[in-house]
Amino acid sequence: MDRKQLEAKLLELKSDYIRIQGDLDKMEAVGGQVSPIEQQLERLEGEISAINDQLASKS
């Protein structure tokens with residue numbers, strides 16, 4: 001992937017992270033099961049970190 005593609009992917013992942021964080025907050029408020037949502041957030045954190053590493057190596 002080139003730099004622009006990586007930056008676009010990073011924005012998409014960050015947007016997903018924010019949306020899922022909101023879902024987590026809602027589930028916590030109603031006492032729902034949050035572990036699957038937490039796992040999604042952890043996966044996204046890993047992907048965001050990997051993209052940031054790739055961007056750092058391209059600069």
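Just so it is clear, the values below take in all heavy atoms, side chains as well, and ignore hydrogens, waters and symmetry mates.
In terms of the side chain to side chain contact (heavy atoms under 4.5 Å, CB included) criterion, residue partners of Asp2 (sequence neighbours excluded) are, by chain and number, Lys4, Gln5. Residues forming a side chain to side chain donor-acceptor pair (under 3.5 Å) with Gln54 (at least two apart in sequence, or on another chain): none. The side chain to side chain donor-acceptor pair (under 3.5 Å) test applied to Glu7 returns Arg3, not counting sequence neighbours. Contacts of Leu11 classified as side chain to side chain contact (heavy atoms under 4.5 Å, CB included), with partners at least two apart in sequence or in another chain: none.
The CG atom of Leu13 lies 5.0 Å from the NZ atom of Lys9; values are rounded to the nearest 0.5 Å. Between the CE atom in Met27 and the CD1 atom in Ile37 there is a gap of 5.0 Å [rounded to 0.5 Å]. In this structure, OG on Ser57 lies 8.0 Å from CG on Leu6, to the nearest 0.5 angstrom. Here CD1 of Ile18 is found 11.0 Å from CG of Leu41. Values are rounded to the nearest 0.5 Å. Separating the CG atom in Leu44 from the CD1 atom in Ile51 is a distance of 11.0 Å, to the nearest 0.5 Å.
Residues in residues 29-51 take part in these salt bridge (charged side-chain N to carboxylate O under 4.0 Å, His left out) pairs, two or more places apart or across chains: Arg43-Glu47. Counting only residues at least two apart or in different chains, salt bridge (charged side-chain N to carboxylate O under 4.0 Å, His left out) contacts with residues 20-33 comprise Arg19-Asp23.
Across all their heavy atoms, Leu10 and Ile48 have their closest contact at CD1-CG2, 3.8 Å.
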